[in-house]
Amino acid sequence: MGYKDVYQSWQSDPETFWLQAAEAIDWDQKPSKALFDRGNDLYEWFADGMVNTCWNAVDRHVAAGNGSRVALIHDSPITGTQSKITYAELKTLTATLAGALKARGIEKGDRVVIYMPMVPEAIVAMLACARLGAIHSVVFGGFAANELALRIDDAEPKAILAASCGIEPGRVIPYKPLIDGAMAQSRHKPEFTVILQREQAIADLRDGIDFDWHAFQEGATPAECLPVEGSHPAYILYTSGTTGAPKGVVRPTGGHLVALNWTMKNVYNVDPGEVFWAASDVGWVVGHSYICYGPLIHGNTSIVFEGKPVGTPDAGTFWRVIEEHDVKSFFTAPTAFRAVKREDPKGEYLKKYDLSGLRAIYLAGERADPDTIEWTQKLTGKPVYDHWWQTETGYTIAGNPAGIEPLPVKIGSPTVAMPGYDVRILDEGGHELPAGSLGAIAIRLPLPPGTLPTLWNAEDRFRKSYLSHFPGYYETGDAGMKDADGYLWIMARTDDVINVAGHRLSTGGMEEVLASHPDVAECAVIGVADDLKGQLPMGFVCLTKGVNRPHSEITAECVKLVRNQIGPVAAFKLCSVVDRLPKTRSGKILRRTMIQIADGTDFKVPATIDDPAILDEIREALKSLGYAKT
Ligand code: COA
Ligand code: AMP
């Protein structure tokens with residue numbers, strides 16, 4: 001069957017399509033049906049099936065006689081170490097940690113925050129939670145204590161599993177002070193922490209509250225996998241929205257298992273036993289779906305890579321890992337290749353390595369610019385597949401179904417909608433637009449298995465963010481079009497979300513931080529185009545009357561404030577003081593116009609602008625920061 005037939009088979013009978021896909025999963029009790037319509041635009045999948053994620057990701061492979069197969073390869077150029085863990089070893093590790101957690105009172109439904117760098121123990125921690133039916137929430141290491149505190153207050157975890165430090169090129173980041181800082185700020189107080197001590201920074205542990213990773217597990221009785229309902233939350237992953245309060249995306253257990261397993265062959269074209277590598281971080285959705293769960297559920301070997309595309313030690317790292325571990329499918333963000341290209345435009349490093357085992361390269365997380373795709377394709381001689389998805393969906397909305405039938409690549413398009421997704425382009429009034437017209441990208445409800453059924457403790461926000469604008473649809477927050485061949489083109493966000501080096505951030509959240517500076521009366525943060533990171537945040541602040549300190553002092557404080565409140569990952573380094581912000585006569589800040597000036601795109605001065613002269617001041621401020629192309 002080709003792509004069109006598969007898509008058609010889903011469209012004509014989604015129930016049968018997903019029940020068939022569900023056959024690849026081990027159920028303790030099979031679901032009686034696939035879709036459960038809960039009314040009022042809420043849906044669940046496989047809700048009355050009983051199943052355990054860890055069983056499907058680990059134990060069943062051991063039971064099938066594949067215990068000696070490598071499950072995880074930890075390749076850490078940043079520490080100069082490598083290790084391998086077989087499925088049988090992974091079973092022991094997860095069962096032991098789960099047993100120790102159980103003995104400390106962690107049960108089905110309890111939340112556990114995981115704050116760890118790219119070490120295999122991060123995967124073990126996720127799986128140990130899954131084993132018990134506990135709901136994990138992994139927090140990316142590049143976030144500051146304040147962001148961790150926000151997540152602790154929302155998820156209300158019983159425990160935090162962490163490492164003593166993360167390692168960035170040139171610096172070690174001790175995590176314990178960040179955890180202690182978060183716990184001092186948070187209203188909710190987790191009962192205990194379990195800390196993996198890394199030699200680069202040993203954490204101080206408080207008696208009875210902080211436990212050493214290994215001592216905690218000594219003598220623990222291994223825990224069995226607990227079957228949970230298909231609709232039980234497997235995890236919560238926070239992602240940026242319009243405000244500083246992150247949205248807790250809920251991932252349901254049954255649909256997650258079925259959908260991820262389906263993608264491993266149909267999208268990524270790997271068979272069980274083959275090596276799959278997603279060079280991302282467990283703190284992001286790509287890390288959840290394609291470093292941890294997807295490859296393991298499907299019986300692949302997954303690489304946990306602790307390093308950067310460049311500088312650890314050089315721009316040949318990706319190629320080395322691909323050759324050394326015989327990677328078949330490789331997945332990363334376009335920004336990573338832009339970094340490699342900048343350092344090694346002619347691909348000198350690539351010449352040292354044999355990539356003959358590699359089948360294809362997959363890009364996602366941000367718009368893949370044609371230059372980067374063409375450069376990567378030409379240099380490696382491999383197909384480069386852009387694919388589009390979001391934290392909310394957990395896997396591909398549109399991609400190239402390489403394992404079904406590779407479709408011709410149109411550079412700049414992530415190709416076509418995957419089965420399960422009925423993608424439409426709508427105008428402001430919610431009417432469908434014809435091929436080639438730009439509009440809001442929406443997906444007809446129900447969304448497929450594994451996608452978010454709601455936001456954690458925030459159903460109203462879920463409806464408001466995704467369902468209310470276009471009744472009967474899920475609003476993706478992206479704008480774009482569909483061409484006459486059904487290929488999708490993703491052009492921009494329709495909200496205040498920006499994408500910095502493949503990391504999703506909220507400009508609204510940064511504005512909230514800047515507004516808290518005592519000298520700032522008003523502010524705006526926009527995302528401007530950047531050759532390496534895709535976008536960079538840039539702040540404009542208007543000062544409170546009477547403040548006459550040097551502007552450079554105030555902007556330096558603003559930069560520091562965002563780093564301390566949100567984290568280094570925000571990459572907020574551009575900030576300027578201006579007298580006023582451009583606004584409409586009704587007082588709305590004209591952020592889009594500011595972005596257009598910065599990026600040098602053609603634009604008309606909005607008719608509703610209060611005072612066009614302010615744009616000159618913005619242009620000057622942008623120039624002083626090295627921007628403003630018009
Ligand atoms: N813990 C602590 N700090 C972190 C961190 C972590 N886990 N990850 C990043 N940071 C810090 C960095 O050290 C940097 O700090 P600095 O301002 O002191 O230099 C800052 O956050 C920004 O980090 P990053 O975006 O990684 O920028 P970079 O300049 O260090 O590297 C790239 C640029 C392009 C090489 C890098 O962004 C990259 O590899 N991107 C790929 C992203 C990716 O895989 N995304 C996942 C989606 S698929
Ligand atoms: P995240 O939730 O962090 O995965 O970010 C999701 C957002 O990143 C999407 O809504 C898009 O704005 C953007 N994005 C992800 N993949 C692509 C892609 N292939 N092309 C264009 N934008 C993308």
Side-chain angles (χ1 to χ4, degrees), residues 78 115-118 139-144 163 165-175 178 237-241 247 249 278-291 305-312 315 317-318 331-343 362-369 373 385-400 412-415 441 452 475-480 488-495 497-505 530-536 559 563 566-573:
I78 205 140
Y115 192 57
M116 298 184 95
M118 288 298 288
V139 180
F140 178 62
F143 282 124
C165 66
I167 307 164
E168 283 292 289
R171 72 195 157 102
V172 171
I173 298 121
Y175 280 3
L178 291 167
L237 179 59
Y238 288 89
T239 190
S240 298
K247 300 190 222 178
V249 168
S280 178
D281 188 286
V282 283
W284 306 115
V285 68
V286 177
H288 282 63
S289 295
Y290 293 112
I291 297 173
F305 173 72
E306 191 180 21
K308 299 262 175 176
V310 293
T312 58
T317 306
F318 277 178
F331 177 174
T332 191
T335 191
F337 277 122
R338 286 198 294 271
V340 175
K341 179 178 160 212
R342 196 161 75 167
E343 209 128 297
Y362 294 78
L363 298 178
E366 58 172 333
R367 196 178 131 70
D369 54 291
I373 298 184
Y385 299 132
D386 181 15
H387 59 325
W388 168 60
W389 49 299
Q390 312 182 309
T391 304
E392 288 85 344
T393 65
Y395 62 99
T396 319
I397 307 169
N400 200 316
S413 161
T415 321
I441 312 182
L452 83 172
E475 184 184 5
T476 65
D478 283 312
L488 282 158
W489 300 77
I490 318 300
M491 310 309 286
R493 288 288 303 192
T494 56
D495 54 14
V497 165
I498 57 170
N499 211 306
V500 180
H503 306 138
R504 177 166 157 183
L505 298 163
D530 180 74
D531 286 346
L532 175 65
K533 298 197 177 188
Q535 280 183 302
L536 276 181
V559 166
R563 193 175 172 95
I566 296 180
V569 68
F572 182 82
K573 291 180 180 164

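Ligands are counted one by one from 1 in listed order, and the atoms in each one are counted from 1 as well. Worth knowing before you read on, the calculation uses all heavy atoms, side chains too, and leaves out hydrogens, waters and symmetry mates. Bear in mind the structure is a predicted one, so any value in this text is a computation, not a measurement. Counting begins at 1 with the first residue of the sequence.
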Contact atoms of ligand 1, heavy-atom distance to Val569 under 4.0 Å: 21 (O)

Among Arg342, Glu343, Arg563, Glu168, which one has a heavy atom closest to atom 3 (N) of ligand 1? Glu168

Does Leu363 offer a backbone N or O that forms a donor-acceptor pair with the side chain of His387 under 3.5 Å? yes

Per-atom filter on ligand 1: closer than 4.0 angstrom to a heavy atom of His503 are 25 (O), 42 (C), 45 (N)

Determine whether any protein heavy atom is located less than 4.0 Å from atom 9 (C) of ligand 1. yes

Check: of Asp369, Val249, Asp478, min heavy-atom distance to atom 12 (O) of ligand 2 comes from Asp478

Counting only heavy atoms closer than 4.0 Å, does ligand 2 sit against the backbone of Thr391, its side chain, both, or neither? both

Quick one: nearest non-hydrogen protein atom to atom 26 (O) of ligand 1, plus distance? Lys308 NZ, 2.9 Å

Per-atom contacts of ligand 2 with Ile490, taking only distances under 4.0 Å to non-hydrogen atoms: 21 (C), 22 (N)

N or O pair under 3.5 Å between Asn499 and ligand 2: yes

Sidechain-backbone polar pair: Glu343 side chain, Val310 backbone, donor-acceptor under 3.5 Å: no

Students should be able to answer this: which protein heavy-atom is nearest to atom 41 (C) of ligand 1, and at what distance? Thr335 CG2, 3.6 Å

Please determine which of Thr476, Asp478, Thr396 meets the side-chain hydrogen bond (donor to acceptor under 3.5 Å, both in side chains) test together with Trp388. Asp478

Of the protein's non-hydrogen atoms, which lies at the shortest distance from atom 37 (O) of ligand 1, and what is that distance? Ala501 CB, 3.3 Å

min-distance protein heavy atom vs atom 48 (S) of ligand 1 -> Val286 CG2, 3.5 Å

If you measure every N/O of Arg171 against every N/O of ligand 1, is any gap under 3.5 Å? yes

Just going by heavy-atom distances, which of Ala339, Ala336, Ala279 is nearest to atom 44 (O) of ligand 1? Ala279

Hey, does the side chain of Glu392 reach the backbone of Leu452 with a donor-acceptor pair shorter than 3.5 angstrom? no

Regarding ligand 2, does Thr476 bring an N or O atom to under 3.5 Å of one of the ligand's N or O atoms? no

The closest protein heavy-atom partner of atom 17 (C) of ligand 2 is Glu366 O, 3.5 Å

Check whether any side-chain heavy atom of Lys247 sits under 4.5 Å from a side-chain heavy atom of Thr391, and report yes or no. no

Looking only at atom types and distance, does a side-chain atom of Thr317 sit under 3.5 Å from a main-chain N or O of Thr312, one as donor and one as acceptor? yes

Does some side-chain heavy atom of Val286 sit less than 4.5 Å from a side-chain heavy atom of Trp389? yes

Heavy-atom contact under 4.0 Å between Pro309 and ligand 1? yes

Of all heavy-atom pairs between Tyr175 and Gly141, which one has the smallest distance, and what is that distance? OH-CA, 3.5 Å

So NE2 of His288 and OG of Ser280: to nearest 0.5 Å the spacing works out to 10.5 Å

Starting from atom 47 (C) of ligand 1, what is the nearest protein heavy atom, named by residue and atom, and what distance separates them? Gly502 O, 3.6 Å

Euclidean distance, Ile441 CD1 relative to Trp489 CH2, rounded to 0.5 Å: 12.5 Å

Quick one, Gln535 and Arg493 - any side-chain contact, counting heavy atoms below 4.5 Å? no

Mark the output for Phe140 as yes if a heavy-atom distance to ligand 1 is under 4.0 Å, and as no if none is. yes

Measure Trp389 to ligand 2 on non-hydrogen atoms and call it side chain, backbone, both or neither using the 4.0 Å cut-off. backbone

So, 4.0 Å and heavy atoms of Val310: is ligand 1 close enough to count as a contact? no

Distance under 4.0 Å to a non-hydrogen atom of Ser280: what atoms of ligand 1 satisfy this? 44 (O), 46 (C), 47 (C), 48 (S)

Aromatic plane relationship, Phe140 with Trp284 - under 30° parallel, 30 to 60° tilted, over 60° perpendicular: tilted

How close do Ile167 and Ile78 get, heavy atom to heavy atom, and via which atoms? O-CD1, 3.5 Å

Of Lys573, Arg504, Lys533, Met116, the residue with the heavy atom nearest atom 24 (P) of ligand 1 is Lys533

Could you tell me whether some N/O pair between Gly365 and ligand 2 is separated by less than 3.5 angstrom? yes

Specify whether the nearest protein heavy atom to atom 32 (C) of ligand 1 is under 4.0 angstrom away. no

Nearest 0.5 Å, please: how far is OH in Tyr395 from OG1 in Thr393? 7.0 Å

Proximal ligand 1 atoms for Ile173, defined as those under 4.0 Å from one of its heavy atoms: 2 (C), 3 (N)

Are the side chains of Leu505 and Phe572 in touch, meaning some heavy atoms are under 4.5 Å apart? no

Note: His503, heavy atoms under 4.0 Å from ligand 2, region reported as neither

Applying a strict 4.0 Å limit to heavy atoms, is Gly365 in contact with ligand 1? no

If you measure from the Lys or Arg side-chain nitrogens to the Asp or Glu carboxylate oxygens, is any gap between Asp531 and Arg342 under 4.0 Å? no

Decide yes or no on side chain to side chain contact (heavy atoms under 4.5 Å, CB included) for Val497 and Thr239, but give the supporting numbers first. CA-CA 10 Å; Val497 165; Thr239 190; over 6 Å; no

Protein contact of atom 20 (C) of ligand 1 - nearest heavy atom, named by residue and atom, plus distance: Pro568 O, 3.3 Å

How long is the span from the CG atom in Asn400 to the OH atom in Tyr362, to the nearest 0.5 Å? 7.5 Å

Which residue and heavy atom of the protein sit nearest atom 5 (O) of ligand 2, plus the separation: Arg504 CD, 3.5 Å

Provide, to 0.1 Å, the distance between atom 6 (C) of ligand 1 and the closest protein heavy atom, together with that atom's residue and name. Gly142 N, 3.4 Å

Quick check against the 3.5 Å criterion: does Asn499 have a side-chain atom that pairs as donor or acceptor with the backbone of Gly365? yes

With a 4.0 Å cut-off on heavy atoms, is Met118 in contact with ligand 1? no

Going by the atom numbers of ligand 2, which of them fall below 4.0 Å from some non-hydrogen atom of Asp386? 18 (C), 19 (N)

Ala571 and ligand 1 - part of the residue with a heavy-atom distance under 4.0 Å: neither

Would you check whether His387 has a nitrogen or oxygen atom less than 3.5 angstrom from a nitrogen or oxygen atom of ligand 2? yes

